[in-house]
Q: 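This is the structure I want to talk about, given as C-alpha cells.
Numbering of ligands and ligand atoms starts at 1, following listing order. Just the heavy atoms: all of them, side chains too, but no hydrogens, waters or symmetry mates, feed the values below.
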Amino acid sequence: MNRVIIPLDVPSADDAFVLVDRLGDEADFYKVGFELYTRGGPGVVRELVARGKRVFLDLKLHDIPNTVARAVEAASDLGAELLTLHASGGPRMMEAAVAARSGDLKLLAVTVLTSLTPSEMAAVWNREIRSVRDDVGRLALMAKEAGVDGIVASALEASWIRQQVGPGFLIVTPGIRPAGADRNDQNRVATPGEAVRNGADYLVIGRPITKADEPSAAFSAVLREIQEEESEA
Ligand code: C5P
C-alpha cells in the first residue's frame with residue numbers, strides 16, 4: 001500500500017489537477033487543505049474521488065460538538081478517507097466526531113501546532129509549559145480514548161508517540177525531506193526512511209515532490225526509499 005500523501009498546496013482546482021495529472025496513476029493519495037478547499041470547494045474532493053484518488057481533508061475542525069459532528073458527516077458524504085480535528089477541542093467534541101463518521105472516514109487529531117512556541121502555549125493555557133512533548137502525548141492519549149483513529153505528528157516524535165499510544169493508532173507525519181532536499185520552511189525534518197522506521201503509517205510529502213523538475217520521478221524515488229526501509233524491517 002502507498003503511504004505517501006501529497007498535499008495539494010495550490011490556489012485552484014485547475015492547478016491541483018495539473019499536478020495530479022503530472023504525478024500520474026502511482027500517486028493516489030492527496031491532502032486538501034484550507035486554501036484549496038476554500039477556493040476550489042468540495043467539488044475538488046469529489047473529482048479526486050471520482051478519479052480513484054484517496055483524500056485527506058485537512059480542515060482541522062475545532063468547534064462545539066454538534067457543529068463538528070455535522071462537518072464530519074459532510075466529509076464522510078464527500079468520500080474523504082482522513083479528516084483532521086484539534087484534540088484541544090476536548091473529549092466530547094472528539095467523541096461527537098467519532099460517532100458522526102461513516103464509510104471509510106478516519107479521524108486524525110492535531111495535538112500541538114508545531115508553529116507554537118512554549119511561551120505562546122504558556123500564554124494560551126495560562127500555565128508553565130515544562131515539556132511540549134508531554135502535552136503532545138497527553139493530547140494524543142485523550143484523542144485515542146475518545147475513539148479518534150490517529151494523529152498528525154512529527155516523524156522525529158513518532159517512535160515516542162507509538163510507545164504512548166500502542167499499535168493500531170495511525171501516525172501521519174509531515175516535515176519529510178529526502179536526504180539532500182531543500183528544507184524550505186521546515187525546521188525539524190526526517191527522511192522518508194527515518195519516518196517509516198520511527199513507526200509512521202503515512203508520510204505527507206509536498207515540495208520535495210511537487211516542486212521537483214520531474215514530480216513523478218521524485219515520487220517514485222521516495223517510494224523506492226520507503227520500500228527499501230520496509231524490506232529491511
Ligand atoms: O511541502 P511540505 O512537504 O513542507 O508540505 C508539508 C505539508 O504538511 C503542508 O501541507 C503543511 O501544511 C502540512 N503540515 C506541516 N507541518 C505540520 C502540520 C501540517 O508541514 N505540523
Side-chain angles (χ1 to χ4, degrees), residues 2-13 15-16 19-20 22-23 27 29-40 44-45 48 53-62 80-89 107-118 120-121 132-133 135-137 139-140 143 148 150-158 160-161 170-196 198 200-216 218-219 221-223 225-226:
N2 167 34
R3 304 160 176 268
V4 177
I5 303 176
I6 299 174
L8 292 170
D9 291 327
V10 293
S12 74
D15 291 330
L19 189 54
V20 170
R22 278 193 85 187
L23 279 157
F29 210 157
Y30 289 95
K31 180 165 88 72
V32 174
F34 288 139
E35 184 189 16
L36 179 59
Y37 192 76
T38 307
R39 291 192 187 277
V44 175
V45 178
L48 285 164
K53 306 299 186 189
R54 304 165 73 190
V55 177
F56 171 4
L57 193 52
D58 190 13
L59 297 183
K60 298 190 176 68
L61 303 177
H62 189 169
E81 196 173 320
L82 296 174
L83 173 69
T84 42
L85 79 182
H86 277 280
S88 54
L107 297 169
L108 297 178
V110 173
T111 57
V112 179
L113 292 172
T114 49
S115 54
L116 277 182
T117 64
E120 283 176 310
M121 288 169 65
V132 175
R133 201 188 227 199
D135 279 305
V136 169
L139 288 165
V148 166
I151 63 161
V152 180
S154 159
L156 300 175
E157 311 284 356
W160 181 81
I161 286 170
L170 292 175
I171 300 180
V172 178
T173 61
I176 306 295
R177 290 293 179 267
D182 191 335
R183 290 185 167 209
N184 312 108
D185 56 357
Q186 300 280 12
N187 285 321
R188 300 176 65 232
V189 298
T191 65
E194 282 166 346
V196 170
N198 288 349
D201 296 288
Y202 289 102
L203 285 55
V204 177
I205 312 182
R207 287 162 290 182
I209 293 172
T210 60
K211 301 288 184 203
D213 292 337
E214 288 289 342
S216 66
F219 178 78
V222 167
L223 285 194
E225 181 176 341
I226 291 172

Q: Just grab all the side-chain hydrogen bond (donor to acceptor under 3.5 Å, both in side chains) pairs involving residues 2-11, residues at least two apart or on different chains.
A: N2-D28, R3-E230
Q: Is it the case that atom CG in D185 sees more than 12 heavy atoms from other parts of the structure closer than 6.0 Å?
A: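 Yes - once you tally the heavy atoms of other residues, nucleotides and ligands closer than 6.0 Å, there are more than 12.
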Q: For a quick test of reading the model, state the closest non-hydrogen atom pair linking L156 to V189 and the distance between them.
A: CD2-O, 3.8 Å
Q: Looking only at heavy atoms, what is the nearest atom pair of P11 and R39, with distance?
A: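 In terms of heavy atoms, the two residues are closest at O-CD, 2.8 Å.
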Q: Please find the pair of heavy atoms, one from K60 and one from T84, that lie closest to each other, and give the distance.
A: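 Answer, listing the atom of K60 first, then T84: N-OG1, 2.9 Å.
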Q: Provide the closest heavy-atom pair for V222 versus P178 in the form atom of the first, atom of the second, distance.
A: CG2-CG, 4.1 Å
Q: Between ligand 1 and the protein, find all N/O pairs closer than 3.5 Å and give the distance for each.
A:
| from | atom 1 | to | atom 2 | distance (Å) |
| --- | --- | --- | --- | --- |
| ligand 1 | 1 (O) | R207 | N | 2.8 |
| ligand 1 | 1 (O) | R207 | NE | 2.7 |
| ligand 1 | 3 (O) | R177 | NH1 | 2.9 |
| ligand 1 | 3 (O) | G206 | N | 2.8 |
| ligand 1 | 4 (O) | R177 | NH2 | 2.8 |
| ligand 1 | 4 (O) | Q186 | NE2 | 2.9 |
| ligand 1 | 4 (O) | R207 | NH2 | 2.7 |
| ligand 1 | 10 (O) | D9 | OD1 | 3.3 |
| ligand 1 | 10 (O) | D9 | OD2 | 2.8 |
| ligand 1 | 10 (O) | K31 | NZ | 3.0 |
| ligand 1 | 20 (O) | Q186 | NE2 | 2.8 |
| ligand 1 | 21 (N) | T114 | OG1 | 2.9 |

